[in-house]
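A quick note: this is a predicted structure, and the numbers were derived from the prediction, not measured. One is the number of the first residue; the rest follow in order along the sequence.
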Amino acid sequence: MEKQDNGITRQVSVIAAASFMLISSVAVGGAFGGEGVADQQDGALTDQSTYLAPSGPAFAIWSVIYLGLIAYTIWQALPAQRHDDRQRATGWWVALSMVLNGLWLVAASFGPLWSTVLVIVLLLIVLARVIVLLGRSSARGWVERTVVDGANGLHFGWVTIATVVNITALLTDVAPEEWGQQADLWGILVLAAVLVITVSSAWATGRIAPALASAWGLAWVAIGRLADEPRSTPIAVAAIIVAVILLIAAVISSVRRLRGRSHAAVQKRR
């Protein structure tokens with residue numbers, strides 16, 4: 001397909017996917033903030049619905065993610081990117097991630113709660129694929145590093161936390177009431193799993209943007225449990241610890257990756 005359309009089909013598809021995502025965000029009333037989602041699913045997705053729900057201001061990160069994806073959409077549509085191997089490898093996957101982003105908002109508005117979990121898990125898988133593909137080559141300059149690696153990295157990092165929150169909302173909705181008596185324990189166990197997953201991802205990819213977005217979400221989980229209902233100091237402390245460890249691991253891994261590439265470049269020149 002790429003040889004037949006010279007990349008134009010891919011570029012137009014990304015534009016269409018971004019348009020669908022933005023239209024969906026406006027249609028459900030939560031553009032650039034996610035506040036409209038709080039009115040859906042009988043309150044199951046509000047910032048006080050579960051012990052792992054981030055406090056409301058956390059969702060302001062969607063403004064940054066959307067702006068980044070808009071910038072990416074414009075940048076990848078430039079003629080210079082039509083034949084770029086990196087864009088050929090990732091463009092279709094990024095387009096799919098934006099479609100799934102919009103579909104999650106549709107599911108939150110019109111579908112059952114389990115459908116939101118299905119869509120966000122698929123979204124997480126697709127974004128993980130994007131990050132893996134981006135890791136196979138380096139960005140050529142700060143613009144590409146910002147609008148491609150940065151925007152998609154933030155999207156991946158935030159969706160990682162959002163997936164946990166979404167699954168927790170579903171489990172809270174269907175679980176027996178007696179499970180609530182062990183909420184602190186379950187919350188800490190889930191955060192321990194988040195620690196393993198996010199640190200492993202940061203260490204494997206050497207990317208800082210996903211860790212920043214995930215740490216942002218974890219910080220607001222902590223704030224929510226200290227300042228809002230339901231309150232839980234143990235979960236708040238655990239969320240802070242996970243966020244700090246994640247950031248440290250991401251910084252170390254990022255420095256290691258940069259040094260490795262610098263060393264490889266030196267060896268190549270020799």
Side-chain angles (χ1 to χ4, degrees), residues 21 24-25 27-30 33-59 61-62 65 96-128 155-198 201 210 213-214 216-225 228-232 234-236 238-239 242-243:
M21 177 185 69
S24 297
S25 71
V28 300
E35 295 177 356
V37 176
D39 298 325
Q40 312 298 333
Q41 300 295 337
D42 296 323
L45 299 174
T46 67
D47 60 352
Q48 298 183 28
S49 59
T50 72
Y51 282 87
L52 294 179
S55 185
F59 298 94
I61 195 175
W62 277 120
I65 293 172
L96 179 57
S97 75
M98 290 192 284
V99 170
L100 289 170
N101 186 307
L103 285 177
W104 186 89
L105 293 167
V106 173
S109 298
F110 305 108
L113 185 57
W114 63 262
S115 68
T116 66
V117 173
L118 175 62
V119 174
I120 204 167
V121 168
L122 291 174
L123 174 57
L124 181 63
I125 293 171
V126 170
L127 286 170
H155 198 186
F156 173 59
W158 175 253
V159 169
T160 300
I161 299 301
T163 301
V164 174
V165 173
N166 210 158
I167 293 174
T168 303
L170 177 62
L171 293 176
T172 300
D173 188 58
V174 302
E177 292 185 6
E178 53 266 24
W179 284 24
Q181 299 174 3
Q182 302 294 328
D184 288 346
L185 175 60
W186 286 113
I188 292 173
L189 289 175
V190 170
L191 288 172
V194 170
L195 174 63
V196 173
I197 294 170
T198 55
S201 174
S214 294
W216 168 268
L218 289 165
W220 283 103
V221 169
I223 293 171
R225 300 296 65 79
D228 300 324
E229 297 295 335
R231 293 178 183 265
S232 173
I235 290 178
V242 172

Scan residues 119-128 for pairs that pass side chain to side chain donor-acceptor pair (under 3.5 Å), counting only residues two or more places apart or in two chains.
none
Measure the spacing between [atom1] of [X] and [atom2] of [Y] and express it to the nearest 0.5 Å.
| X | Y | atom1 | atom2 | value |
| --- | --- | --- | --- | --- |
| F156 | I161 | CZ | CD1 | 10.0 Å |
| L118 | L103 | CG | CG | 10.0 Å |
| D228 | Q48 | CG | CD | 4.5 Å |
| I167 | T116 | CD1 | OG1 | 9.5 Å |
| L171 | T50 | CG | OG1 | 10.0 Å |
| L127 | T160 | CG | OG1 | 8.0 Å |

Backbone N/O of G217 and side chain of W158: donor-acceptor pair under 3.5 Å:
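No; zero donor-acceptor contacts below 3.5 Å.
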Verify, without hydrogens or angle tests, whether S201 (side chain) and I197 (backbone) share a donor-acceptor contact under 3.5 angstrom.
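Absent.
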Looking at [X] and [Y], what are the two nearest heavy atoms and their distance?
| X | Y | answer |
| --- | --- | --- |
| A44 | A169 | O-CB, 3.4 Å |
| A213 | G157 | CB-C, 3.8 Å |
| M98 | M21 | O-CB, 3.5 Å |
| P54 | D47 | O-CB, 3.1 Å |
| T198 | L195 | OG1-O, 3.4 Å |
| A53 | V165 | CA-CG1, 4.2 Å |

Beyond-backbone contact of [X] with [Y], side-chain heavy atoms, under 4.5 angstrom:
| X | Y | answer |
| --- | --- | --- |
| W104 | L123 | no |
| V119 | L122 | no |
| R225 | W220 | no |
| L45 | L113 | yes |
| S25 | W62 | no |
| P234 | I188 | yes |
| L218 | L191 | yes |
| I120 | L124 | no |

